[in-house]
Amino acid sequence: MTTVLESLNHALHTAMQADPGVYLLGEDLLDPYGGAFKVARGLSTAFPDRVLTSPISEAGLVGLASGMALRGLRPVVEIMFGDFLTLSADQLINHAAKFRWMYNDRVRVPLVVRTPMGGRRGYGPTHSQSLEKHFLGTPGLRVLAPCDLGDPGLLLRQAILEDDPVLFIENKLLYLCRIPSGKDLADLELTTLNPDSAAAPGLDAQTYAPAYTLRMRGAPPARLTLVAYGYMAHLARQAMVQLAYENEIFTELVILTQLAPFTIQPVLDSVQQTGRVLAIEEGSLSMGWGAEIVARVAAALGPRLLASQRLAALDSAIPASGPLEAETLPDTAAIIQAAKKMV
Amino acid sequence: MTTVLESLNHALHTAMQADPGVYLLGEDLLDPYGGAFKVARGLSTAFPDRVLTSPISEAGLVGLASGMALRGLRPVVEIMFGDFLTLSADQLINHAAKFRWMYNDRVRVPLVVRTPMGGRRGYGPTHSQSLEKHFLGTPGLRVLAPCDLGDPGLLLRQAILEDDPVLFIENKLLYLCRIPSGKDLADLELTTLNPDSAAAPGLDAQTYAPAYTLRMRGAPPARLTLVAYGYMAHLARQAMVQLAYENEIFTELVILTQLAPFTIQPVLDSVQQTGRVLAIEEGSLSMGWGAEIVARVAAALGPRLLASQRLAALDSAIPASGPLEAETLPDTAAIIQAAKKMV
Amino acid sequence: MTISVQDPSAFYRALCRIRSFEETVLENFPKGVFFGTTHTYIGQEANAVGVLAHCQPQDIVFSNHRCHGHFLAYGGDPHALFAELMGKSTGVCGGRGGSQHLQWKNFYSNGIQGGITPVATGMALAERLQGHSPVVFTFIGDGTLGEGALYESLNLASLWHAPVLFVLENNRIAQTTPVDIAVAGNMAARFSAFGIPAQELDSSDVLEIYPLAGKLVDEVRETQTPRALILHTCRFGPHSKGDDTRSEEAIERMKTQRDPLHLQAARVNDEQSIQIRSEISAEIAAAFQAALADPFPVIHAVAGSSI
Amino acid sequence: MTISVQDPSAFYRALCRIRSFEETVLENFPKGVFFGTTHTYIGQEANAVGVLAHCQPQDIVFSNHRCHGHFLAYGGDPHALFAELMGKSTGVCGGRGGSQHLQWKNFYSNGIQGGITPVATGMALAERLQGHSPVVFTFIGDGTLGEGALYESLNLASLWHAPVLFVLENNRIAQTTPVDIAVAGNMAARFSAFGIPAQELDSSDVLEIYPLAGKLVDEVRETQTPRALILHTCRFGPHSKGDDTRSEEAIERMKTQRDPLHLQAARVNDEQSIQIRSEISAEIAAAFQAALADPFPVIHAVAGSSI
Ligand SMILES: Cc1ncc(C[n+]2csc(CCOP(=O)(O)OP(=O)(O)O)c2C)c(N)n1
Ligand SMILES: Cc1ncc(C[n+]2csc(CCOP(=O)(O)OP(=O)(O)O)c2C)c(N)n1
Ligand SMILES: [Mg+2]
Ligand SMILES: [Mg+2]
């Protein structure tokens, strides 16, 4: 069984093999180290000229890669910790994401910025955050997040093939999750949707960014829709099973891999049946991804939305101390508790 | 009648007069220029040693001011255009906003970062944005936005008195709005609430950050709640009056001045009556402030929320061309149109 | 646009085109025909003309907020530029960009100080990696020395051999801020500290700028490594419109001593210079009128302004 | 913590305390008693000790991810530091900060490369403006020369006379990246280009570092303007834990030639040095045990994890 990490690593190998225009840039990428989280492992050995290990310059690096992208290459930038994305905010928001549209659709920026987010490793306030919420809703910037279903590597490969900038959000704990086989999911019914993802100004529709819907096989109708992405989708799947077996609460879980721009349809399809939605994310609550989910569902369903809630990290910095960190971030138990309250 | 600009300028004079620890830092602040939008006018003449006109270094400047704040001063930083706030993102998110909490509440960061946002002046894609949505929901960072009601200057003065970092969002068109007198508002009933603003980890409750609720005097019960801040609150007020007089659609308008962290109570109080909410902002739609408003209302009211919508800028960059820009940003007519559709 | 030094009138023409364009902009701004704001290049024309005379078709130019002169010296069409400032569909970017955000052929500009430098560095690197031998001309002002992104770019350009020519136009002021209160230390040293050779010139004479630029352009092209050219220059006009805080005398002194058009006019005979000025004048007037008559863009495709 | 050069044993004791602390950290990390990660200071002890021996009570220290040595040399309590790494309520920041985020008296650290430099500059400015004459010691590594925020700080510190001593610890590597592929040009020039005088020293000898640091500290204190001290040094251990990509021989060579403890031990008589080591050993072991026994923090005040 493959891990998400292996899948992503393999995808980078494949992408670099397939296209000599693909470059990988980032800090400490060279083998044997292969990047802080090892997603780059083996690449500098296989493609020594196309893995550019860089100084510590997150803004410069993203800007430089945008320039490469404007001139015919397909750079992939690794930002060592997602926490440092704040340093590239100007390059992402005021440069890479704007170029195509502001230059009247005459240029393209096939740039991918990948970065690991997330806590639960005790790294403390500056190395544990899930800051993607600050970048969602940037016109011209697609944001993707693999989960442990489907083919995370394919999601990355498609991102690299795209002609518009993509922010690709990985999660540190997701790396080691194994992609379950059909047998592992035997208790579940899995629907994969590949929604024609909302084409927004300055962005084309993208080919592979599936949404998944999971149900307990043969269960009574679900009374609550869980929505999640990334590692939280993994935890939500555990919660879903536990809720069914231990509490006889049946839920549906919708997992998105495209966070922005996105279509709410797969979520609506489920909430139309269940009437209730719980959006789950690891980032801090306020102005998070879940707000957009709930707002869209509420707008679409009006009074048919019986209940909506969000579960997220506390609105505080993330402490290094294990017990404090565990309280700060939402886990399976918290999902179960929140779900129970809603039905 | 005072303009918002005059009120803010006066507040800075008063604050610097009152406390020798208040400093103003930013680009091109010196008289006779007095800052790009003139909010700093007269200050360098009155307080030559405490107005530090700076190199073009938005990150450095915010960082430097955080350091000053940590060591007993009360710096106010002017970022010339809100678009450049992206350059200070790391200093705001990973430094200023974190210090107090991560250092176990043993330090305070009485920093104010002020900046003008907004379009409608044809400045184009990098000088017209309303980027505050990317900073809302940052743990430890309070975000305030004056409107043309109440006392914008007092809001700024209170922000300067606060011991925690504040991002203070001004709007370029709001500057020239005149603060209406009681007579100007004769048709309206105004309720001012000073909610005990949600104290979040790393932030104390703040003293002055009113929420306003406006109703048409003597009108039948409102069937829709408009929620807005900043310049959009000004436009929403116009829309409200027009809707009443021209369409006999009666609405309530809730205006917030504290965007994060905030309490939804004043909005709930209104939507509980009207059953419908329209959140209005100038920033681009997705993952905007309005999502948080709607999500909180939906969570609180469940099926009693009959309808919810958001009105915002298109999810695209902001064009320089006047006609295109006008289409991109929401105006009074768009508010009226959205409101009509909802009732 | 390659100009030969053999032909002083070609230089004069190029200088006049920029001057005439910019004067037309300033003159007509109060009439409300343009959107937003503008940053005119009056006084600095010799920089764009002298430097970009070395620009080959495969080369790239990345400019900043003060980009009209660079755009015109690159060979850009005055009509398209006027139209862009007027927000017309025929504008350089169909009216989306406005004065500071241009893209045409290998010309780019953006209005965020400093942010263009890593992008330009990446373009240079990409071109070199794809086997081309370009020069990427990157224009920045003295004020932009305040931005950290610049130094990240210098380090990366130096380490990774990006064929960039950083052209620093030191007009001794940034908006209203004089250079001496905004730039500490030494300008050339700020480049050489990163291993990037820098040369300086204090002149408004296109015939002094041209050869020095040529030398550095050749070095960049041959070695495919970065260089910096620091041009000490004079901004005659306001930063944008009507926001000049300098004394009138100081500006007059600059205009008398440092006008690149005067300097070059002396090398063209009177008759020819009158002829050139009137041709340019007509060209620019026609471009302006044509742009005025152009249509505004049609409603652009809309995605979700309200959900 | 002011140490007098007259007393070689005080220096030796300070060096040993850091070494012993860090060895205890590395030894116990695999046992799962600490959270997160750590960056040990082994090999660089003489920098912290030699420089911070000049730290006066009103002075400020801003350190980076590799902060244990600075914290202990500043006078920080090993028990509180162990407790912080263990996430205990008795930790320097009650367990919130962890290894990289310390605050105690006038000591601060943060884990974002480069970001600390403008903050430290602002602290220095604030202190000067309030009539104090402090020195703000700001520690950065060679890798941090990649970050743009540093150069914005250098410019601001130089222009606005911020009494900062930038201490650049060049251990010739950043995580796994050797300095020669990450830092172009010349290190000292990167400071002097901004008008900040810089001095370099390639030594692991606290008695060489101490006087040079003293000279620069005095200059900063007297002139209330910034200076830079570049200390070429050696990191003996991994970047964090078990992630050293350098050859074992290279590391062994460094350990033989450049161990600050060996160099200083030679100045203390054998008996005394054995005594000091055993005292320090006992002190650190006791601190570690005490921290182990300390309680975890109680549930912290919660605001809205779910709405
Ligand atoms: C990041 C950023 N900060 C501030 C500004 C506002 N601004 C536009 S031009 C300018 C002055 C630039 O000075 P300089 O680099 O010397 O160029 P010059 O205008 O003199 O040509 C400023 C501050 C900006 N566009 N971008
Ligand atoms: C902005 C940022 N980028 C990357 C990192 C990850 N990181 C932590 S330490 C380090 C290397 C720092 O090298 P150097 O400055 O030489 O200090 P040293 O570790 O050698 O003491 C890196 C890349 C970080 N903490 N912050
Ligand atoms: Mg200038
Ligand atoms: Mg190092």
Side-chain angles (χ1 to χ4, degrees), chain B residues 20-21 23 25 49-50 52-75 77 87-88 90-96 98-107 109 111 139 198-203 261-264 292 295-300, chain D residues 60 62 84 89 91-98 100-106 108-130 132 134 136 138 147-160 162 164 297 300-304 306-307:
Chain B
Y23 281 72
L25 300 90
D49 297 338
R50 290 195 278 137
L52 305 181
T53 203
S54 86
I56 310 176
S57 311
E58 288 80 5
L61 208 55
V62 171
L64 180 137
S66 296
M68 291 172 75
L70 278 167
R71 301 303 302 191
L73 299 179
R74 296 195 175 271
V77 177
L87 288 160
S88 332
D90 182 64
Q91 282 299 331
L92 284 171
I93 296 173
N94 283 327
H95 298 264
K98 274 199 181 53
F99 285 143
R100 175 179 168 186
W101 195 91
M102 109 178 157
Y103 293 152
N104 211 11
D105 288 320
R106 268 202 315 264
V107 306
V109 187
L111 164 73
L203 286 178
F262 77 111
T263 162
I264 194 72
E292 183 71 26
R296 291 204 191 186
V297 173
Chain D
I60 295 170
F62 218 127
E84 187 62 31
S89 63
V92 182
C93 290
R96 290 183 180 180
Q100 308 188 60
H101 314 99
L102 305 178
Q103 199 287 318
W104 178 68
K105 289 190 177 171
N106 282 347
Y108 304 77
S109 73
N110 199 5
I112 304 283
Q113 300 299 318
I116 65 168
T117 59
V119 182
T121 302
M123 291 173 148
L125 183 63
E127 293 293 320
R128 181 175 69 67
L129 290 170
Q130 289 172 105
H132 312 143
V136 177
T138 308
E147 291 288 359
L150 172 63
Y151 304 96
E152 301 193 6
S153 311
L154 298 182
N155 195 39
L156 289 164
S158 186
L159 288 169
W160 292 356
V164 182
H300 60 306
V302 164
S306 132
I307 287 189

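Naming: A, B, ... by sequence-line order, numbering from 1 per chain.
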Quiz item: At a heavy-atom separation under 4.5 Å, does D:Leu102 approach chain B through its side chain, its backbone, both, or neither?
Solution: backbone
Quiz item: Is chain B contacted by the side chain of D:Ser109, its backbone, both, or neither, given a heavy-atom distance below 4.5 Å?
Solution: backbone
Quiz prompt | Atom of B:Gln91, atom of D:Pro118 and distance for their closest heavy-atom approach | solution = NE2-CG, 3.4 Å
Quiz item: Side chain, backbone, both or neither: which part of B:Leu25 has a non-hydrogen atom closer than 4.5 Å to chain D?
Solution: side chain
Quiz prompt | Distance (rounded to the nearest 0.5 Å) between B:Leu70 CG and D:Gln103 CD | solution = 8.5 Å
Quiz prompt | Side chain, backbone, both or neither of D:Tyr151 within contact of chain B (heavy atoms, under 4.5 Å) | solution = neither
Quiz item: Using a cut-off of under 4.5 Å for heavy-atom pairs, which of B:Pro55, B:Gly72, B:Pro20, B:Gly63 has the most such pairs with chain D?
Solution: B:Gly63
Self-check item: chain B contact via D:Asn155 - which portion, at a heavy-atom distance below 4.5 Å
Solution: side chain
Practice problem: Measure the shortest side-chain to side-chain distance between B:Leu64 and D:Ser153 over non-hydrogen atoms and say whether it is less than 4.5 angstrom. | Solution: no
Quiz prompt | Nearest heavy atoms of B:Met102 and D:Cys93, plus distance in Å | solution = O-CB, 3.6 Å
Quiz item: How long is the gap from CG on B:Leu73 to CG on D:Leu125, to the nearest 0.5 Å?
Solution: 8.0 Å
Quiz item: Closest approach of D:Asn110 and B:Asn94, non-hydrogen atoms and distance?
Solution: ND2-O, 3.2 Å
Quiz item: For the atom pair CZ (B:Arg71) and CZ (D:Arg128), what is the distance rounded to the nearest 0.5 Å?
Solution: 15.0 Å
Exercise. Rounded to the nearest 0.5 Å, what's the gap from CG on B:Asp105 to CZ on D:Arg96? Could you check?
Key: 4.5 Å
Exercise. Compare every heavy atom of B:Thr53 with every heavy atom of D:Trp160, then report the nearest pair and how far apart it is.
Key: CZ2-O, 3.4 Å
